[in-house]
Visitor: 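Take a look at the following structure, please.
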Amino acid sequence: MFPTPVASASAPTRAAYRIALPLSLLVWLLPLIGVMITSIRPASDLAMGNYFGVPSSFEPGNYLTVFRNTPMGLFILNSFKVTIPTVIGAVALSCLTGYALATYRFKTNLWLFFIFVAGNFVPFQILMIPVRDLTLKMGLYDTVTGLVLFHVAFQTGFCTLFMRNFIKALPSELIEAARVEGVSELRIFRYVVLPLMRPAIAALSVLIFTFIWNDFFWATVLVQGTHAMPVTGGIISLNGQWVAQWHLVSAGSVIAAMPPVIMFFLMQKHFIAGLTMGATKG
Amino acid sequence: MSEQVLAPVSSGNSPKFSVEPATSGASKNRSSKWIASQRKFAPWLFLTPGVVMFLVYVIVPIGRSLWISLYEWDGIGVKTFIGIANYIELINDDAFYTALYNNILWLGLYMLAVPAGLMIAIFLNQTVTGIRIYKSLFFFPFVISQIVVGLIFSWFYAPNFGLFTRLLEFVGVDGIAILADERFVTYGIIVAGLWPQIAYCMILYLTGLNNVSPDQIEAARLDGAKGWKMLWYVIIPQLRPATFIAVVVTIIGALRSFDLVSIMSSGGPYGSSRVLSYYMYEQALSEYGFRMGYGASIAVVLFAIMIVFITMFIVRMLKDEREGC
């Protein structure tokens with residue numbers, strides 16, 4: 001193990017490490033801690049210049065104010081309406097494409113795969129005008145559906161890369177044995193491969209959930225009004241209204257950040273497994 | 001990425017999907033014919049939905065953007081072909097150079113996330129009680145939306161009361177409004193972007209460190225290697241896959257920077273913190289009228305920069321594939 005475990009170090013080193021650990025975390029999360037404390041401060045604290053001291057009172061009411069006076073509830077709902085179908089759509093499509101690219105040999109296989117990979121890395125701006133135009137023409141501009149369709153298509157690139165590599169690493173004997181038995185291709189996929197893909201599906205789902213929840217660019221490009229706006233776009237418009245009302249901005253930010261954070265802590269293992277895929281193997 | 005070959009076929013160059021030996025032996029049999037033809041069409045059945053979506057929303061739009069960049073177009077009316085006039089305007093546009101320069105700055109400074117992430121990963125790669133919670137909390141910034149990160153840092157930098165401003169005052173520097181100062185604004189935004197990016201690199205390296213071979217470390221220890229020498233000659237070479245991914249995601253992150261610029265400064269003051277992605281958006285969908293053609297030409301430049309890195313990535317993947325086969 002590198003570095004040498006502190007457990008085997010001298011007593012002063014161990015003590016120093018014990019102190020350095022929480023201290024460094026405090027510095028690392030300082031901006032975040034500041035915002036969390038601000039979100040429960042009464043407005044009067046800010047007016048009196050008490051930005052960093054102990055809040056004069058605990059004011060969870062800021063959160064209620066955010067929900068009561070702004071369409072925050074609707075924004076959050078919209079984010080779910082965009083995120084959940086996208087996760088389902090992109091994961092489903094990529095189970096199919098990933099399976100095809102991992103198990104069949106045909107001439108264009110590697111090319112198709114690389115197109116998915118390359119497409120996944122292009123800057124959004126090269127897609128912006130045509131995608132906006134297409135969405136307008138389909139009558140889906142300013143709707144949740146328009147946003148979902150684009151996200152599903154774009155995320156299929158990353159998901160295909162992920163699924164294909166995952167399936168390739170499965171033992172090939174399983175599929176070969178099923179083929180010898182004369183099992184149809186569809187049933188091999190359904191009953192042999194799909195059950196083995198569960199960890200990959202879980203990892204991808206949490207990752208895509210976070211990516212899409214946090215998307216801001218496409219929300220501003222494909223949605224205009226409040227009725228379909230996800231929370232990232234919504235909070236920006238609120239930021240304009242709440243000039244200098246940092247307790248509300250903070251509370252709003254905490255609300256917007258919450259769902260992916262909860263998702264992360266619930267599914268931590270899958271999340272990190274998904275994110276670090278490829279970081280260990282050559 | 002280790003590559004076992006899963007395909008049932010041994011003759012890789014055959015343009016058709018050959019049939020597995022076990023079934024081809026009984027090729028007169030009707031059911032095996034069915035299986036053979038099924039195996040020929042099955043991949044396309046699986047591929048079609050994903051490929052169609054990807055074509056419509058990603059591949060075709062890239063081509064259309066290239067084409068639109070040759071036109072003058074407000075997004076609604078008729079397109080007028082103007083050849084490369086947009087690009088000629090671009091090379092005489094000071095704002096374009098500012099954005100390009102800032103993009104290079106982003107790329108360069110963002111790279112700091114890789115060594116910084118490695119340092120934190122090494123710091124946290126211990127087995128004391130509660131370390132798992134520390135690891136998750138250090139990773140935290142990556143999970144939060146960039147919009148929220150931008151808001152947090154706007155507050156952090158806020159003149160008069162921002163925590164950062166207070167810290168500066170504490171060390172005797174006062175009166176700097178980072179986000180309103182042309183000299184500092186881009187650096188201020190990049191620091192905000194580094195926060196989640198370092199967390200990302202850290203998690204990649206933590207996973208990498210977990211898989212470093214203990215035997216090699218022991219052997220190196222017996223040879224007297226420790227500290228920096230151990231890190232440089234034994235650990236870092238073994239972390240190559242993690243480093244590669246960290247570099248790739250950092251480059252992409254740097255060139256995709258849009259959210260933070262948009263929320264923290266809107267490209268200002270006076271356009272000094274624009275990056276290409278933001279400038280493109282401003283031109284194409286600005287409140288003063290849509291300039292789709294000009295916007296598209298900026299996007300093409302950004303795309304051209306990205307293609308260099310994408311190609312490098314694909315070439316490396318291709319090498320891995322070949323070695324795997």
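Atoms considered below: every heavy atom in the structure, side chains included; atoms not considered: hydrogens, waters and symmetry mates. Proteins get letters first, then strands, A, B, ... in listed order; numbering begins at 1 in each.
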Visitor: When the ring centroid of B:Phe244 is compared with that of B:Phe313, is the distance short of 6.0 Å?
Guide: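 Yes, the ring centres sit under 6.0 Å apart.
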Visitor: Examine whether an atom of B:Thr48 lies under 4.5 Å from a heavy atom of chain A, and if so say whether it belongs to the side chain, the backbone or both; otherwise answer neither.
Guide: neither
Visitor: Indicate, with yes or no, if the rings of A:Phe162 and A:Phe166 have centres closer together than 6.0 Å.
Guide: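 No; A:Phe166 has its ring centre 6.0 Å or more from that of A:Phe162.
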Visitor: Has the side chain of B:Asn125 got a donor or acceptor atom that lies under 3.5 Å from a matching backbone atom of B:Asn210?
Guide: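 Absent.
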Visitor: B:Ile203 versus chain A, heavy atoms under 4.5 Å apart: side chain, backbone, both or neither?
Guide: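 Both parts, backbone and side chain.
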Visitor: Using a 4.5 Å cut-off on heavy atoms from C-beta on, say whether the side chain of A:Val35 contacts that of B:Leu151.
Guide: no
Visitor: Could you look at B:Val56 and say if it's the side chain, the backbone, both or neither that has a heavy atom under 4.5 Å from chain A?
Guide: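 Its backbone and side chain both get close to chain A.
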Visitor: Looking at B:Leu285, B:Thr127, B:Leu209, which has the largest count of heavy-atom pairs under 4.5 Å with chain A?
Guide: B:Leu285
Visitor: In terms of relative ring orientation, are A:Phe265 and B:Phe140 parallel, tilted or perpendicular, with 30° and 60° separating the classes?
Guide: tilted
Visitor: Taking every heavy-atom pair that is under 4.5 Å apart, which of A:Leu30, A:Ile129, A:Leu134, A:Val152 has the most such pairs with chain B?
Guide: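 Greatest number of close heavy-atom pairs with chain B: A:Ile129.
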Visitor: Under 4.0 Å between a Lys/Arg side-chain N and an Asp/Glu carboxylate O for B:Glu218 and B:Arg221?
Guide: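 A salt bridge is present here (some side-chain N lies under 4.0 Å from a carboxylate O).
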Visitor: If you count heavy-atom pairs under 4.5 Å with chain A, which of B:Leu137, B:Leu255, B:Leu124, B:Ile68 comes out on top?
Guide: B:Leu137
Visitor: Does any heavy atom of chain A fall under 4.5 Å from the side chain of B:Val51, the backbone, both, or neither of them?
Guide: both
Visitor: Report which part of B:Ala199 has an atom under 4.5 Å of a heavy atom belonging to chain A: side chain, backbone, both, or neither.
Guide: both
Visitor: Between A:Phe124, A:Trp213, A:Tyr99, A:Phe116, which residue shows the highest count of heavy-atom pairs closer than 4.5 Å to chain B?
Guide: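 With the most close heavy-atom pairs to chain B, the winner is A:Phe116.
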Visitor: Could you walk me through whether B:Tyr278 and B:Ser257 pass the side-chain hydrogen bond (donor to acceptor under 3.5 Å, both in side chains) test, one step at a time?
Guide: CA-CA 8 Å; B:Tyr278 191 79; B:Ser257 53; over 6 Å; no
Visitor: Heavy-atom pairs under 4.5 Å with chain A - which of B:Arg256, B:Met306, B:Met280 has more of them than the others?
Guide: B:Arg256
Visitor: Does the ring centre of A:Trp218 sit less than 6.0 Å away from the ring centre of A:Phe154?
Guide: no
Visitor: Less than 4.5 Å to any heavy atom of chain A: does that hold for the side chain of B:Phe138, its backbone, both, or neither?
Guide: both
Visitor: Please look at B:Leu318 and chain A and tell me whether the side chain, the backbone, both or neither of the residue comes under 4.5 angstrom of a heavy atom of that chain.
Guide: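 Both parts, backbone and side chain.
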Visitor: Any idea which of B:Gly295, B:Pro49, B:Ala246 has the most non-hydrogen atom pairs under 4.5 angstrom with chain A?
Guide: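 Top count of heavy-atom pairs under 4.5 Å with chain A: B:Pro49.
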Visitor: Let's test your reading of the structure: which of A:Ile236, A:Thr108, A:Val221, A:Leu21 forms the most heavy-atom pairs below 4.5 Å with chain B?
Guide: A:Leu21
Visitor: Among the options A:Ile115, A:Leu110, A:Leu149, pick out the one with the most heavy-atom pairs lying under 4.5 Å from chain B.
Guide: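 Greatest number of close heavy-atom pairs with chain B: A:Leu149.
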Visitor: Relative to chain A, which of B:Ile251, B:Ile252, B:Leu47, B:Ile144 shows the most heavy atom pairs under 4.5 Å?
Guide: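 Going by pairs under 4.5 Å, I would pick B:Leu47.
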Visitor: Which one, A:Phe264, A:Phe121, A:Phe216, A:Trp28, leads in non-hydrogen pairs under 4.5 Å with chain B?
Guide: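 Ranked by contacts with chain B, first place is A:Trp28.
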Visitor: Classify the side-chain pair B:Tyr134/A:Ser24 by whether it contains a donor and acceptor separated by less than 3.5 Å.
Guide: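 The answer is no; no qualifying pair exists.
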Visitor: To check you understand the geometry: which heavy-atom pair defines the closest contact between B:Pro43 and A:Phe106, and what is its length?
Guide: CB-CE2, 3.8 Å
Visitor: Is chain A contacted by the side chain of B:Ile131, its backbone, both, or neither, given a heavy-atom distance below 4.5 Å?
Guide: side chain
Visitor: If you count heavy-atom pairs under 4.5 Å between each of B:Val149, B:Ile263, B:Val212 and chain A, which one has the most?
Guide: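 Among the listed options, the one with the most contacts to chain A is B:Ile263.
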Visitor: Under 4.5 Å from any heavy atom of chain A, what part of B:Tyr200 do you find: side chain, backbone, both or neither?
Guide: side chain
Visitor: Which atom names give the shortest non-hydrogen contact between A:Asn109 and A:Tyr104, and what distance separates them?
Guide: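 Closest approach of A:Asn109 to A:Tyr104: ND2-O, 2.7 Å.
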Visitor: Of the listed residues (A:Phe113, A:Phe150, A:Phe189), which shares the most heavy-atom pairs with chain B below a 4.5 Å separation?
Guide: A:Phe150
Visitor: Run the numbers on A:Thr97 and A:Thr160 for side-chain hydrogen bond (donor to acceptor under 3.5 Å, both in side chains), then give the verdict.
Guide: CA-CA 6 Å; A:Thr97 50; A:Thr160 300; 2.9 Å; yes
Visitor: At a 4.5 Å cut-off on heavy atoms, which part of B:Ile235 comes close to chain A: side chain, backbone, both, or neither?
Guide: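 Answer is side chain: those atoms of B:Ile235 sit under 4.5 Å from chain A.
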Visitor: Can you confirm if the aromatic rings of B:Phe290 and B:Trp73 lie within a centre distance of less than 6.0 Å?
Guide: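 No, they do not, as the ring centres are separated by 6.0 Å or more.
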Visitor: In terms of heavy-atom proximity below 4.5 Å to chain A, should B:Phe156 be classed as side chain, backbone, both, or neither?
Guide: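 It is the side chain, since no backbone atom gets that close.
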